[in-house]
Structures are given as structure tokens and as C-alpha cells.
Student: 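Supplied in C-alpha cells, the structure appears directly below.
Just so we're on the same page: letters track the sequence lines, and every chain starts at 1.
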Amino acid sequence: MSKTLIVIAGPTGVGKTSVAIKLAKHFKTEIVSSDSRQIFKELTIGTAIPAKEELEQVKHHFIHSHSIHNNYNASRYENEALELLEILFQKYNTVVLAGGSMLYIDAICKGIDTMPDADPEIRAELKSRLETEGIESLRTQLKKLDPEYYQIVDLKNQARIIHALEICLMTGKTFTSFRSNPNKKRPFEIIKIALNTDRAELHDRINRRVDKMVKDGLEKEARNVYPYKYLTALNTVGYREWFNYFDGEISREEAIELIKRNSRRYARKQLTWFRKDETVNWFDPDQVEEIIAFVEHQISEK
RNA sequence: GGUGCCAUAGCUCAGUUGGUAGAGCAACGGACUGAAAAUCCGUGUGUCCUUGGUUCGACUCCGAGUGGCACCA
């Protein structure tokens, strides 16, 4: 019998956790998280990790498994999660992958190219050059080091330019030479489910969830990691707004409003990404029975 | 009950000496392979309250109505 990975994707706050748990219980299996922030043990309230009771019902992986103090990225996740899936599939015919980090889901389902991790020193140097010399200087260097990528890169997107440059500088090769646009074959079938509900309802859920986070002590949680605010892992909705408040730049009320707004925008961005994926099957978060029936039908056809 | 002021985008408000309108915020669409809850790009979405009148033409001027606010009773 072939192995099947059931992916539960969708915008933040739509209700992925609950659906994933019901599916995992139905298929008597475990859940692998594909959430790039729930992975950090220092973050609990602001990342809306599953509740204690939920975690007790079904075994979860990649929740609180890493630290914000160690750099993490989609490639590491690809390697670690695939390794884990290999083990889980020895035990189960289906495994549930649940989470909203678009690139992490793609890393599992399609794979991303192999290239070295960015050297923190080189990145820091490029960033400071961006400050002092401006983006044009970085563009000019990229044009010289990798003219092919220069043609296609978004020249206004500093993150992309910096990343391409750091790979060029570290390896002495072009960034393009690492880009093969892989569609890696996986030793399991993939069924992708994405959850969505009407926009007003989604916004309402997000707003209410943020209010609950604040009530549950999000401010204190943010205060605890405030000393490390420069870490990439903390450049995150629900934390950086508090840091701005702690720095005296905005009021507490503004911080909370901004967390809501930025969460809404993040949800929209996720929807844009998932919409583009033609392999996605859309459901309402209430349609658990339908999802189970759909998945079973898909499995039986394979 | 009387008088005055107001009514324009989802919200707060500009504006048009009469030629069907624009800011901020919110919202919406898109890009994306080691920062991805990141990073970047794009888009006004409108019965200018309703209804008569004047006018070649009314969102703008005039009358009436409706709703809101203020003051006087």
C-alpha cells in the first residue's frame, strides 16, 4: 500500500489545528507541523501552538522543537522533516502535515535546491553595505557576479539581492548555478487540503484570536524575548509590534491593532500563495466529514 | 415644536467659482526556492442621502423630504 501525506494548509487563524487533529485521529496517525514559528520553544502564545489538551490527543512534531537562538530555514526543515517522515511512514500509511508556512510546505512537497547556508558574517556585511551605500551598489555587484539572475530578480527586493550575492561570494559560483527549480520525487503520495472561509469571518476570527492572545499574556511572552529582538526568528507578527511598543515608538493599543492588521495581511498573502497551487483542494474548516471522505476516496484511487 | 449646521469610498475627511471626485487609514490583487509570520510590487473599490426645480450640463445652486448633531423652547 502506498504511503500518503495529507497536507492541511490555509491562512492563519482559519482552524487548521482542529481539522488536523480530527484527521490524525481518524487515520490513527501523527501530525508534522509545517509552521516556521511554532517550531521555536520560546514562542507559545503568539504563534498559537495547539493547546495542551490537543497536544495530548495526537503526537505532534516540530512544535517547540528548536530554539530561536539557532538559525533555522526552509532547507533545514526539508531535511529534518523528510527524515522524520521516513520513520513515521514505517509505522503509518498516512501522516498529516499541518501548518501555514508556504515555503516549508513546498520544501516538503516539491523540494528546494541544495545550496550552502548563508554565512552570518557575509549577510551582516551586505546589510550594512545596503545601509551605507544603498541598494544600487548591491545591484551593480550582482550584475557582475551573476548577470543571468540579475535579469530575472526583483531589483527592488533587497532580501533577494542580498541572498543571491551571499551565495555568489561564499561559493565563487553564480547563484543561478544552484537554481534548478527542482520538482523532487517523494516516496509518498501527497493530498493537499487548504482551508478557507469567507473573508469577514476570517478577519473576525483573527481579531478575536489576537484579543485572546493578549489576554493570555502575549505581552509578557514578548517581553521575555525582547533582548533578542534582532533575531530573524523574532521578526514575526505578534512580537515585533510589541518590540516597537517597548521601544516607545507606538502605544500599547497601537501595537495590538497592528498585530491584528498584520495578521490579516499575512492571511491574505498565504491565500495568494495557496491559490496559485493547482494541486490544492479547498474546503471550509467545518467540513471535516467531507475532507475525510475526500481523502479516503483519493487514497482508494491510488 | 423652532432655528442653525452637517450628509462625498469600509472609516475620518478634502474638493469641484456648475463639466460625474481624492487624501490618510482600512481593504483588495500579485510576485516568491535557505530571513517565508520574511521580503517586494501593484490597485480607488463611489447612486457624492432621496426627490423636484434652474441649467446644454447638478455631486456642486434653489425648494422639499429623510437622517444625524447643536442650540432655543
Student: Would you kindly check whether a donor in the side chain of K269(A) faces an acceptor in the base of A38(B), or vice versa, at under 3.5 angstrom?
Tutor: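 Present.
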
Student: Show which side-chain atoms of residues 83-97 of chain A pair as donor or acceptor with protein atoms under 3.5 Å away, not counting sequence neighbours.
Tutor:
residue, atom, partner, partner atom, Å
Y92(A), OH, E30(A), OE2, 2.5
N93(A), OD1, K3(A), NZ, 3.0

Student: Contact list please: residues 210-247 of chain A against RNA chain B, heavy atoms, distance less than 4.0 Å, in numerical order.
Tutor: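 Within this stretch, T232(A), N235(A), T236(A), V237(A), R240(A) sit under 4.0 Å of the strand.
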
Student: Return the orientation label for the F274(A) and W282(A) ring planes: parallel under 30°, perpendicular over 60°, tilted otherwise.
Tutor: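 Ring orientation, 0 to 90° scale: perpendicular.
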
Student: What distance, rounded to whole Å, do you find between the two P atoms, one in C49(B) and one in A21(B)?
Tutor: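 Nearest-Å result for C49(B) against A21(B) at atom P: 15 Å.
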
Student: Please classify the nucleic acid contact of T114(A) as base, sugar-phosphate, or nothing, using heavy-atom distances under 4.0 Å.
Tutor: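 It contacts base atoms.
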
Student: Please determine whether a side-chain nitrogen or oxygen atom of T272(A) lies at a distance below 4.0 Å from atom OP1 or OP2 of G30(B).
Tutor: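 Yes, because at least one side-chain N or O of T272(A) sits under 4.0 Å from OP1 or OP2 of G30(B).
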
Student: Run the ring-ring contact (aromatic ring centres under 6.0 Å, His included) test against F40(A) and tell me which residues pass, sequence neighbours left out.
Tutor: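 Testing F40(A) for ring-ring contact (aromatic ring centres under 6.0 Å, His included), a comparison that skips the adjacent residues, returns none.
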
Student: Under 4.0 Å between a Lys/Arg side-chain N and an Asp/Glu carboxylate O for K22(A) and E54(A)?
Tutor: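 No, no charged N to carboxylate O under 4.0 Å.
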
Student: Between A35(B), C32(B), U33(B), spot the one nearest the side chain of Y149(A), thanks.
Tutor: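 So the side chain of Y149(A) is nearest to U33(B).
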
Student: Do any N or O atoms of the protein come closer than 3.5 Å to N or O atoms of nucleotides 23-27 of chain B, and which pairs are they?
Tutor:
residue, atom, partner, partner atom, Å
A26(B), OP1, R261(A), NE, 3.3
A26(B), OP1, R261(A), NH1, 2.2
A26(B), OP2, R265(A), NH2, 3.2
A26(B), O3', R264(A), NH1, 3.0
A27(B), OP1, R264(A), NH1, 2.3

Student: Calculate the interatomic distance between Y77(A) atom OH and A36(B) atom C1'; express it in whole Å.
Tutor: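 Spelled out: OH on Y77(A) to C1' on A36(B) is 13 Å.
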
Student: Roughly, in whole Å, what's the span from CG in L103(A) to P in C40(B)?
Tutor: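 It works out to 17 Å between those atoms.
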
Student: Between L234(A) and I49(A), is there shared hydrophobic-cluster membership here, with clusters defined by ILVMFWY side-chain heavy atoms closer than 4.5 Å?
Tutor: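 No, it is not one cluster - the side chains of L234(A) and I49(A) are not joined through contacts under 4.5 Å.
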
Student: U39(B), OP1 or OP2 - any side-chain N/O from R160(A) closer than 4.0 Å?
Tutor: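 Checking U39(B) against R160(A), no side-chain N or O comes under 4.0 Å of OP1 or OP2.
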
Student: I'd like to know whether CD of E56(A) has more than 12 heavy-atom contacts from other residues, nucleotides or ligands below 6.0 angstrom.
Tutor: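 Enclosed.
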
Student: With sugar-phosphate meaning primed atoms plus P, OP1 and OP2, does S180(A) contact a base, only sugar-phosphate, or nothing at under 4.0 Å between heavy atoms?
Tutor: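 Base, at least one base atom sits under 4.0 Å.
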
Student: More 5' along RNA chain B: M102(A) or K156(A), using each one's nearest nucleotide?
Tutor: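 So the residue in question is M102(A).
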
Student: Taking only residues two or more places apart in sequence, or in another chain, which ones meet Y239(A) in a ring-ring contact (aromatic ring centres under 6.0 Å, His included)?
Tutor: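 Listed in chain order: nothing, the list is empty.
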
Student: If the P atom of G22(B) is compared with that of G44(B), how far apart are they to the nearest Å?
Tutor: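 Comparing P positions in G22(B) and G44(B) gives a spacing of 10 Å.
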
Student: Pick the P atom in C5(B) and in A9(B), then give their distance to the nearest Å.
Tutor: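 22 Å, rounded to whole Å.
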
Student: Rounded to whole Å, how long is the line connecting atom CG of D198(A) with atom P of C28(B)?
Tutor: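 Going from CG in D198(A) over to P in C28(B) covers 12 Å.
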
Student: So K212(A) and D216(A), salt bridge (charged side-chain N to carboxylate O under 4.0 Å, His left out) or not? Walk me through it.
Tutor: CA-CA 6 Å; K212(A) 182 161 187 306; D216(A) 290 345; 2.8 Å; yes

Student: Over 60° means perpendicular and under 30° means parallel, so classify the ring planes of F62(A) and H66(A), tilted if in between.
Tutor: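 It falls in the parallel class, under 30°.
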
Student: Ignoring backbone atoms, establish whether R275(A) has a side-chain N or O less than 4.0 Å from OP1 or OP2 of G29(B).
Tutor: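 Answer is yes, contact under 4.0 Å.
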
Student: For RNA chain B, what dot-bracket results from Watson-Crick or G-U pairs at under 3.5 Å, with [ ] for crossers and | for inter-strand partners?
Tutor: (((((((..((((.....[..)))).(((((.......))))).....(((((..]....)))))))))))).

Student: In whole Å, measure the gap between the C1' atoms of G2(B) and U8(B) for me.
Tutor: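 To the nearest whole Å, 29 Å.
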
Student: So, does E257(A) use its side chain to make a donor-acceptor pair with the main chain of E254(A) at under 3.5 Å?
Tutor: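 No, because the side chain of E257(A) does not come within donor-acceptor range (under 3.5 Å) of the backbone of E254(A).
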
Student: So if I take every side-chain heavy atom of Q158(A) and compare against C32(B), C40(B), U33(B), which nucleotide ends up nearest?
Tutor: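 It is C40(B).
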
Student: Please work out if K127(A) contacts a base, only the sugar-phosphate, or nothing of the nucleic acid, heavy-atom cut-off 4.0 Å.
Tutor: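 Base contact.
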
Student: Measure from CD on Q270(A) to C1' on A31(B) and round the result to the nearest Å.
Tutor: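 So the two atoms are 16 Å apart, to the nearest Å.
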
Student: Scan D106(A) against the nucleic acid and name what it touches under 4.0 Å (heavy atoms): base, sugar-phosphate only, or nothing.
Tutor: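 Nothing, no nucleic acid heavy atom in range.
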
Student: To the nearest Å, how far apart are I152(A) CD1 and U33(B) P?
Tutor: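 Rounded to whole Å, this separation is 8 Å.
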
Student: For W273(A) and A31(B), what is the distance between atoms CH2 and C1' respectively, to the nearest whole Å?
Tutor: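 Rounded to whole Å, this separation is 9 Å.
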
Student: Is it the case that over 12 heavy atoms from other parts of the model lie below 6.0 angstrom from the OH atom of Y228(A)?
Tutor: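 12 or below, so no.
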
Student: At 4.0 Å (heavy atoms only), tell me whether G111(A) reaches a base, stays on the sugar-phosphate, or touches nothing.
Tutor: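 Counting heavy atoms under 4.0 Å across all strands, no contact is made by G111(A).
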
Student: Run through R261(A), K260(A), R264(A) and flag the one making a side chain to side chain donor-acceptor pair (under 3.5 Å) with N207(A).
Tutor: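 Checked R261(A), K260(A), R264(A) against N207(A); only one passes side chain to side chain donor-acceptor pair (under 3.5 Å): R264(A).
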
Student: Rounded to whole angstroms, how far apart are CD1 on I39(A) and P on A38(B)?
Tutor: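 About 17 Å, once rounded to whole Å.
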
Student: I want to confirm an ordering. Mapping N262(A) and I162(A) to their closest nucleotides on RNA chain B, which one lands closer to the 5' end?
Tutor: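 Nearer the 5' end of the strand: I162(A).
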
Student: So which heavy atom on I68(A) is nearest to which on L231(A), and how close?
Tutor: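 Heavy atoms only, the tightest pair is O-CD1, 3.5 Å.
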
Student: Pick base, sugar-phosphate or nothing for N71(A), based on heavy-atom distances below 4.0 Å to the nucleic acid.
Tutor: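 Since no nucleic acid heavy atom lies under 4.0 Å of N71(A), the category is nothing.
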
Student: Are OP1 or OP2 of C32(B) and a side-chain N or O of K276(A) less than 4.0 angstrom apart?
Tutor: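 Yes, because at least one side-chain N or O of K276(A) sits under 4.0 Å from OP1 or OP2 of C32(B).
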
Student: Within this structure, what is the CG-to-C1' distance between N157(A) and C40(B), rounded to whole angstrom?
Tutor: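 Value for this atom pair: 4 Å.
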
Student: How long is the straight-line distance from CD of E136(A) back to CG of L130(A), given to the nearest 0.5 Å?
Tutor: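 With rounding to 0.5 Å, CG (L130(A)) is 11.5 Å from CD (E136(A)).
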
